[in-house]
A.B. asks: 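Before I ask anything, here is the structure I am working with.
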Amino acid sequence: MSRDHVQSAERSADNAETPFLHLLARGAPAEAYEQPVLLARAESCPAARVAALEEAKLLALRVRSEMEGRRRREAELSALFETAHDLAGLRDLDAVLRAIVQRARSLLGTDVAYLSLHDEAEGDTYMRVTEGSVAARFQQLRLGMGEGLGGLVAQTARPYVTDDYFKDDRFQHTRAIDAGVRDEGLVAILGVPLMIGRHVIGVLFAADRRARVFEREQIALLGSFAALAAAAIDTANRLLETRSALDRLGRANEIIRDRSGVIERASDVHDRLAELVLRGGGVHDVAAAVSEVLDGTVEFAGTDTAPGAALQTSRAEGHAVRHGQDWVAAVAAGGELLGALVLGGQPGLDPVDQRTLERAAMVTSLLLLARRSAAEAEQRVRGELLDDLLDARDRDPRLLRERATRLHADLDAVHVVLAARLDTAADADREADARRRLWSAASHLAATGHGLAAARDGGTVLLLPLGPDETATDLARRTAGQLGTAVHEAVTVGASAPLEGLVAHPEAVAAAYAEGQRCLEALRLLGRAGGGAAAEDFGFLGLLLAGDRDIPGFVDRTIGQVVAYDQQRGTDLLRTLDAYFACGMSPARTKDDLHVHVNTVAQRLERVGRLLGEDWQSPARVLEIQLALRLHRLSTAARH
C-alpha cells in the first residue's frame with residue numbers, strides 16, 4: 001500500500017471519530033451513536049469510511065459505558081460517604097435509617113426499599129422503616145425465622161434475591177406475608193442481612209413491582225448500605241446505654257447532694273398547701289406554690305390536654321410518673337379522673353419531690369371537688385327556679401323576682417325558652433355520660449348568660465335573655481353551636497317565640513317550652529339535627545309549632561280571594577282546586593272527576609291564577625294552598 005493511501009485512510013479514521021466525540025461530549029443516549037454510520041451509508045460513502053465509522057462507534061460506546069459506570073460508582077460512593085457522615089454526627093437513629101433506605105432505593109432504582117429489625121422478645125423481625133410503600137398491611141408485617149424471603153435472610157445470614165416472589169419456593173410462604181406482599185404488588189425482591197459481628201439484627205430490602213434481575217454490583221451496594229445501617233443501630237444502642245448510665249449516676253449524685261434541701265422543701269410545701277386550703281386558694285395557686293418549691297414549672301392540665309398514657313399510668317399506680325422531660329401526677333377523686341399536675345423542666349425528680357407533687361395533686365382534687373360542689377349547688381338552685389316556672393302557675397311575683405336576682409337573672413327582660421337535646425349511642429353508660437355533659441354545659445351557659453337551666457325530658461331546657469337586635473332564631477343557633485362545642489357532639493335546639501313579663505305571667509314558660517320542643521322535633525324530622533331554629537323559621541309549618549295558631553288568618557291570606565269569589569258569584573273554584581290537586585294537577589283527569597269539559601277546567605284554573613298570582617303553582621305555594629284548602633274544609637265542617 002502506497003504512503004498516500006495509508007495517509008488517506010488515517011485521515012478518514014480521524015474524521016470518523018469526530019462525530020462520536022461530540023456525542024460523548026453532550027452525553028447523548030446510546031441509540032444516537034448509530035446516526036453517523038446510517039448517514040454515511042445513506043450518502044454512499046466509501047466502504048473504508050463506513051468501516052472507520054463502525055469502529056469509531058464501538059470505541060465511543062465502550063468509552064460511554066465506562067464513563068457511565070464510573071458515574072454510577074461515584075454516585076454510590078458519594079451516597080455511602082454521605083451516609084457515613086450522617087453516622088458520625090448521629091443524633092436521630094430513625095432519621096439515619098430513613099436516609100439509608102431512601103438512598104438505597106434511589107441508587108438501585110427500585111419501587112420500594114425497606115428495613116426490618118429483629119425482635120429478641122418475640123423471636124421474629126418487624127418492619128422498622130419503609131420507603132415507597134403504600135400498603136398499610138405490608139408496613140406492619142412481622143416475619144418469623146425462615147418465613148418469607150426476609151426470614152430466610154435472617155436465618156441464614158446470607159443475601160437472597162428472587163425475580164418472582166410468588167413463584168419462588170426456596171423460602172416458606174405464609175398467608176400473612178404473602179397477603180402483605182400482594183397488597184404492595186411486589187414481584188422482584190432483594191434482601192441482605194444487617195449484622196453486628198456474626199449476629200443478624202435485621203434485613204435491608206430493595207424490591208420492584210415487576211420482574212427484574214438484580215446485578216451482582218447492586219447486591220454488593222445494598223450490602224454496603226446494610227453494613228452502615230447495622231453500624232448506626234449499634235452506635236445508637238451504645239449511646240443510649242451510655243446516656244442511661246450517666247443519667248442514673250447523675251440522679252444518684254443529686255440525691256446525695258440535695259437530700260437535706262429536699263426534706264426542707266417538702267416541709268415548706270406542706271405548710272404552703274395547708275395555708276392555701278385554709279384561705280380558700282384555687283388550683284392555680286397550688287400549682288404556683290409547688291412550682292416555687294420544686295424549682296420548675298407546674299401546671300394543671302385537664303383530662304383532654306394531659307398526656308394520655310402517662311395520666312392513666314399515674315391514676316392506676318397512684319404515683320407521679322415520668323413523661324419525657326416532665327412528670328405527671330393524676331388528679332382523681334372517688335374513681336373519677338379530674339386532670340393532672342404536670343411538672344416540666346425536672347427530668348430527674350427526687351423521690352421526696354415526687355411525693356410532694358403527688359401530695360399537691362391530692363390537694364388539687366380536694367379544691368376541685370369543693371369548687372364543683374359549690375357550682376352544682378348553684379346549678380340546682382337555677383334548675384329549681386326554672387322547674388317552678390315550668391310546673392307551677394301560681395307564684396308570688398315578689399318571691400320569683402328575689403330568687404332570680406340572687407342568681408343574677410332578670411325576669412323582667414325579654415326571654416326565650418330553648419329545648420336542647422343530643423343523639424347518643426344506644427349504650428346506656430354513654431347516653432348517661434352525654435346527658436351529664438349536656439346538663440353541665442347548659443348550666444355553665446345559663447350562669448354566664450344570666451339565665452336559668454334545668455334537666456328535662458331526657459335533655460335540657462334553658463331560659464335565656466334575648467340580646468339587643470337578636471332574634472329567637474339567632475339565639476337558638478348560637479346556643480346549639482356553644483353546647484355542641486362544649487360536649488363535642490351535635491346538639492339540636494328548638495326555641496320559643498320571645499316572652500315578656502315572666503314575673504306577671506309565669507304560666508307562659510310552660511307553653512313556650514312546649515313550643516320549643518315542637519321546633520326541636522321538627523328539626524330532627526327534617527334531618528337538621530345539630531342546628532337551632534324557632535317556629536318563625538318553618539314558614540307555614542310554624543302554624544303547627546307556634547302556641548298561638550292563627551288558622552283563619554292563614555286561610556284568608558292563602559286562598560281568601562278564591563273563597564270570596566265563590567261566595568259572591570256562586571262558582572266552584574274551590575271544588576275545582578281540590579279536584580285538580582287530587583288528580584295530580586292534571587286538567588284531563590280533573591275534567592273527568594268533575595264531569596265537565598276540559599276547557600271549563602282550564603278557564604277556572606286561569607281565574608284562580610288571576611286571583612292568587614302567577615306563581616300559585618310553584619312547589620312552595622302549592623303546599624300552602626293545599627294546607628289552606630284542608631283547613632278551610634275542616635273549619636267549614638265544624639261550623640255546620
A.B. asks: Quick check: do Val416 and Leu499 have side-chain heavy atoms less than 4.5 Å from each other?
C.D. replies: no
A.B. asks: Check whether any side-chain N or O of Thr492 sits under 3.5 Å from a backbone N or O of Gly530 as a donor-acceptor pair, and report yes or no.
C.D. replies: yes
A.B. asks: Applying side-chain contact (heavy atoms from CB on, under 4.5 Å), name anything that partners Arg437, two or more places apart in sequence or on another chain.
C.D. replies: Asp433, Ala434, Val487, Glu489
A.B. asks: Answer yes or no: is there a donor N or O on one side and an acceptor on the other, between the side chain of Thr479 and the main chain of Leu475, under 3.5 Å?
C.D. replies: yes
A.B. asks: Could you report the tightest heavy-atom contact between Ser133 and Val112, atom names first, then the distance?
C.D. replies: N-CG1, 4.2 Å
A.B. asks: Look only at the side chain of Ser440 and the backbone of Arg436, and say whether a donor-acceptor pair between them is shorter than 3.5 Å.
C.D. replies: no
A.B. asks: Check the pair Val417 / Val509 against side-chain contact (heavy atoms from CB on, under 4.5 Å), numbers first and verdict last.
C.D. replies: CA-CA 7 Å; Val417 178; Val509 177; 4.2 Å; yes
A.B. asks: Can you tell me how far OG of Ser116 sits from OH of Tyr126, rounded to the nearest 0.5 angstrom?
C.D. replies: 9.0 Å
A.B. asks: Do Tyr165 and Ile177 come close enough that some side-chain heavy atom pair is under 4.5 Å?
C.D. replies: yes
A.B. asks: Could you grab the distance from atom NE2 of His488 to atom CG of Leu422, nearest 0.5 Å is fine?
C.D. replies: 12.5 Å
A.B. asks: For Tyr114 and Ala207, work out which heavy atoms get closest and say how close.
C.D. replies: CE2-CB, 4.2 Å
A.B. asks: Below 4.5 Å, heavy atoms only, C-beta onward: do Leu343 and Thr297 meet side chain to side chain?
C.D. replies: no
A.B. asks: Among side-chain atoms of Thr558 and Glu624, is any donor-acceptor pair under 3.5 angstrom?
C.D. replies: no
A.B. asks: Are Thr130 and Arg98 side-chain neighbours, meaning at least one heavy-atom pair lies under 4.5 Å?
C.D. replies: no
A.B. asks: Looking only at heavy atoms, which two atoms of Val342 and Ala301 are closest? And how far apart?
C.D. replies: CG2-CB, 4.2 Å
A.B. asks: From the options Val622, Leu611, Leu605, select the one residue that forms a side chain to side chain contact (heavy atoms under 4.5 Å, CB included) with Trp616.
C.D. replies: Leu605
A.B. asks: Give the C-alpha distance, both sets of side-chain angles, the deciding distance and a yes or no for side-chain contact (heavy atoms from CB on, under 4.5 Å) between Asp566 and Asp572.
C.D. replies: CA-CA 6 Å; Asp566 276 353; Asp572 284 332; 5.6 Å; no
A.B. asks: Looking only at heavy atoms, which two atoms of Ala579 and Leu594 are closest? And how far apart?
C.D. replies: CB-CD2, 3.8 Å
A.B. asks: Give a yes or no answer on whether the side chain of Ser314 reaches the backbone of Ala310 with a donor-acceptor pair at less than 3.5 Å.
C.D. replies: no
A.B. asks: When you check the gap from the basic side-chain N to the acidic O, do Arg137 and Glu184 get nearer than 4.0 Å?
C.D. replies: no
A.B. asks: Listed by chain and number, what are the salt bridge (Lys or Arg N to Asp or Glu O under 4.0 Å) partners of Arg210, not counting sequence neighbours?
C.D. replies: Asp111, Asp208
A.B. asks: Rounded to the nearest 0.5 Å, how far apart are CD of Gln482 and CZ of Arg477?
C.D. replies: 14.5 Å
A.B. asks: Side-chain contact, heavy-atom cut-off 4.5 Å: Thr460 with Arg456?
C.D. replies: no
A.B. asks: Please check: side-chain N/O of Glu515 versus main-chain N/O of Ala497, any donor-acceptor pairing under 3.5 Å?
C.D. replies: yes
A.B. asks: Check for a donor-acceptor pair, side chain of Arg589 on one end and backbone N or O of Tyr580 on the other, with a separation under 3.5 Å.
C.D. replies: no
A.B. asks: What's the spacing between Leu141 CG and Asp183 CG if we round to 0.5 Å?
C.D. replies: 8.5 Å
A.B. asks: Assess whether atom CD of Glu500 is packed by more than 12 heavy atoms of other residues, nucleotides or ligands within 6.0 Å.
C.D. replies: no
A.B. asks: Which is it for Leu438 and Val491 under the side-chain contact (heavy atoms from CB on, under 4.5 Å) test, yes or no, and what are the steps along the way?
C.D. replies: CA-CA 9 Å; Leu438 177 60; Val491 177; 4.1 Å; yes
A.B. asks: Taking atom NE2 of His415 and atom NE2 of His450, what is their separation to the nearest 0.5 Å?
C.D. replies: 10.5 Å
A.B. asks: I'd like to check the salt bridge (Lys or Arg N to Asp or Glu O under 4.0 Å) partners of Asp178; sequence neighbours left out, ordered by chain and number.
C.D. replies: none
A.B. asks: Just to verify, what does Asp578 make a salt bridge (Lys or Arg N to Asp or Glu O under 4.0 Å) with, not counting sequence neighbours?
C.D. replies: Arg633
A.B. asks: With distance as the sole test, does Thr600 use its side chain to make a donor-acceptor pair with the main-chain N or O of Val596 at under 3.5 Å?
C.D. replies: no
A.B. asks: Who pairs with Glu299 by salt bridge (Lys or Arg N to Asp or Glu O under 4.0 Å), at least two apart in sequence or on another chain?
C.D. replies: none
A.B. asks: Side chains of Leu462 and Leu452: does their closest heavy-atom pair fall under 4.5 Å?
C.D. replies: no
A.B. asks: Strictly by modelled atom types, are Thr471 and Asp474 linked by a side-chain donor-acceptor pair under 3.5 Å?
C.D. replies: yes
A.B. asks: For Ala534 and Thr473, work out which heavy atoms get closest and say how close.
C.D. replies: CB-OG1, 3.8 Å
A.B. asks: Quick check: closest heavy atoms across Leu464 and Gly451, and the distance to 0.1 Å?
C.D. replies: CD2-CA, 4.1 Å
A.B. asks: Among residues at least two apart in sequence or on other chains, which ones pass ring-ring contact (aromatic ring centres under 6.0 Å, His included) with Tyr565?
C.D. replies: none
A.B. asks: Is there a side-chain contact between Val134 and Gln139, using heavy atoms and a 4.5 Å cut-off?
C.D. replies: no
A.B. asks: Would you say the side chain of Leu612 lies within less than 4.5 Å of the side chain of Ile625, judging by non-hydrogen atoms?
C.D. replies: yes
A.B. asks: Look up atom CG in Asp592 and atom OG in Ser586, then write down how far apart they are to the nearest 0.5 Å.
C.D. replies: 8.5 Å
